[in-house]
Visitor: 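A single structure is presented below for examination.
Just so it is clear: chains get the letters A, B, ... in the order the sequence lines come, proteins before strands, and each one is counted from 1. Values below: all heavy atoms of this structure, side chains included; hydrogens, waters and symmetry mates excluded.
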Number of protein chains: 2
Amino acid sequence: MTATADLATPLLDQAMARLRAQETGAPPPDATLTIAEMAERTGVSAHTLRYYERIGLLEVARDASGHRVYTATDFARVLFLTRMRMTGMPIRDLKRYVALAAAGEETIPERRAMLLARRDAVKAQLTELQFALDTIEAKLTGYGCVPGPEFKPAPLRRAEPAPAGR
Amino acid sequence: MTATADLATPLLDQAMARLRAQETGAPPPDATLTIAEMAERTGVSAHTLRYYERIGLLEVARDASGHRVYTATDFARVLFLTRMRMTGMPIRDLKRYVALAAAGEETIPERRAMLLARRDAVKAQLTELQFALDTIEAKLTGYGCVPGPEFKPAPLRRAEPAPAGR
DNA sequence: GTAGCCCTTCGAGCGCGCTCGAAGGCAACC
DNA sequence: GGTTGCCTTCGAGCGCGCTCGAAGGGCTAC
């Protein structure tokens, strides 16, 4: 994809980078990573990793020279953050979530509530996206395009019953 | 949903407004609409409707007093635009698409290419969103939430990339 | 030593997509 | 005539999420 330059979708490219990261740059066992390695493996730029730390989404140890030392836990957290960001969860909410997580067990109810809200939001988004996809394919048909020789619209299991037909 | 105020997701709310618009504010037969009526029925604010027109996404007729007069065609276009926007399609691309559509039949190949690219992007997004949803539900399970109707007591934390780590 | 390179902090800047406010027109009603 | 209220144009401003550049530190290789 990204066939035509002016159709480039940065968000999607980043997302694909992250997917690749999840597949190829699998979480290291208990090795540590430099910021450059983290950037490469998570698909999140070093600039952005520093930014996330600055705003309190991450708390990263330093080595003797003051360089950041990322652990497997940090790696997992960055993946979590990027997945939540992908769903459109605002950074302000992620900050709150992370703060709650740092605060201890008694914040679990609120964290759970946040996740439940996010889950509902994501389900709604899936419904909407499917709706938009239907719109696109209808228009493609109008432009003399067959919906496609491919069998499955997407390699995903339908999370939701499709939104009332179309 | 939108249980807690600081979890509010404007995007989602707008999206829901639009969904409602599609259901309730069904396209008028061949009546015309004022900007306020369009705003109400599409869930797109009057400010934004004017903005869309200003940047060339819309071309709206005026009445004798210079007030905008929206037709059913305009309504349909606004719905199309909002659905494409929902997929993350940048306004710049929509501008190009609209310009092509205005240019005539010979631009159909390029329009088709844009739609195909967008279709792929949306499919990728669906996959990603589903992935994120899985992540959320796994974490919810860890927080003692059952994803389904059946209840299983899960007092133990699942080994998850818990950002709650620390 | 010094070159190269990756790292650090800090603050400013940017692109996107709205969002808003000011200033005024026109029509209807009291 | 005056008030209300929705409409107009125009340009400025804003919130978000990065993104970048400047200025400098420390390590290794030559």
Visitor: Can any side-chain N or O of R68(A) pair as donor or acceptor with the backbone N or O of L49(A) at less than 3.5 Å?
Guide: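 Flag not set: sc R68(A) to bb L49(A) has no pair under 3.5 Å.
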Visitor: In whole angstrom, what separates L49(B)'s CG from dT8(D)'s P?
Guide: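 From L49(B) CG to dT8(D) P: 10 Å.
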Visitor: Without swapping roles, check the side chain of S65(A) against the backbone of H67(A) for a donor-acceptor pair under 3.5 Å.
Guide: no
Visitor: Whole angstroms only, please: what is the NZ-P distance between K95(B) and dC18(C)?
Guide: 12 Å
Visitor: Taking only residues two or more places apart in sequence or in another chain, which ones pass side-chain contact (heavy atoms from CB on, under 4.5 Å) with E37(A)?
Guide: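 If we apply the side-chain contact (heavy atoms from CB on, under 4.5 Å) test to E37(A), skipping adjacent residues, the hits are L33(A), T34(A).
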Visitor: Kindly write out the residues that satisfy ring-ring contact (aromatic ring centres under 6.0 Å, His included) with Y97(B), not counting sequence neighbours, or none if the list is empty.
Guide: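 If we apply the ring-ring contact (aromatic ring centres under 6.0 Å, His included) test to Y97(B), skipping adjacent residues, the hits are F80(B).
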Visitor: Report the distance from atom CG of D63(B) to atom P of dC6(D), rounded to the nearest whole Å.
Guide: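 Spelled out: CG on D63(B) to P on dC6(D) is 16 Å.
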Visitor: Any idea which heavy atoms bring M86(B) and L129(A) closest together, and the distance?
Guide: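 Closest approach of M86(B) to L129(A), heavy atoms only: O-CD2, 4.5 Å.
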Visitor: Return the value, rounded to whole Å, for the distance between atom CZ of R92(A) and atom P of dG15(D).
Guide: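 After rounding, the gap between these two atoms is 11 Å.
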Visitor: Can you tell me the distance, in whole Å, between the CG atom of L81(B) and the P atom of dG17(C)?
Guide: 12 Å
Visitor: Regarding A46(B), tell me which of base, sugar-phosphate or nothing describes its non-hydrogen contacts under 4.0 Å with the strands shown.
Guide: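 The residue A46(B) makes no contact with any strand.
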Visitor: Just how far, in rounded Å, is P of dT8(D) from CE of M38(B)?
Guide: 12 Å
Visitor: Given dT19(C), dT9(C), dT8(D), which nucleotide is nearest the side-chain atoms of T48(B)?
Guide: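 Of all the options, the side chain of T48(B) is nearest to dT19(C).
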Visitor: Which of the following nucleotides, dC7(D), dG17(C), dT9(C), is nearest to the side chain of T34(B)?
Guide: dC7(D)
Visitor: Crowded around E106(B) CD? As in, over 12 foreign heavy atoms under 6.0 Å?
Guide: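 Above 12, so yes.
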Visitor: Under the rule for side-chain contact (heavy atoms from CB on, under 4.5 Å), what residues qualify as partners of V98(B), not counting sequence neighbours?
Guide: L57(B), R77(B), L81(B)
Visitor: What's the closest nucleotide to the R62(B) side chain, out of dG17(C), dT9(D), dC7(D)?
Guide: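 Nearest nucleotide to the side chain: dT9(D).
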Visitor: Tell me, which of residues 51-59 of chain B have any heavy atom that sits under 4.0 Å from an atom in DNA chain D?
Guide: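 Going residue by residue through residues 51-59 of chain B, the ones with a heavy atom under 4.0 Å of DNA chain D turn out to be R54(B).
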Visitor: Over how many whole Å does the gap from L94(A) atom CG to dC16(D) atom C1' extend?
Guide: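 So the CG-C1' distance, L94(A) to dC16(D), works out to 13 Å.
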Visitor: Can you list the residues that meet the side-chain contact (heavy atoms from CB on, under 4.5 Å) rule with R85(A), with sequence neighbours excluded?
Guide: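 side-chain contact (heavy atoms from CB on, under 4.5 Å) list for R85(A), sorted by chain: Y52(A), I91(A), L94(A).
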Visitor: From the options M89(A), R119(A), M84(A), select the one residue that forms a side-chain contact (heavy atoms from CB on, under 4.5 Å) with M114(A).
Guide: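 Only one of M89(A), R119(A), M84(A) forms a side-chain contact (heavy atoms from CB on, under 4.5 Å) with M114(A), namely M89(A).
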Visitor: Rounded to whole angstroms, how far apart are CZ on R85(A) and C1' on dC16(D)?
Guide: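 Spelled out: CZ on R85(A) to C1' on dC16(D) is 8 Å.
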Visitor: Using a 4.0 Å heavy-atom cut-off, write out nucleotides 21-30 of chain D from 5' to 3' as B (base contacted by protein), S (sugar-phosphate only) or - (no contact).
Guide: B-----S---
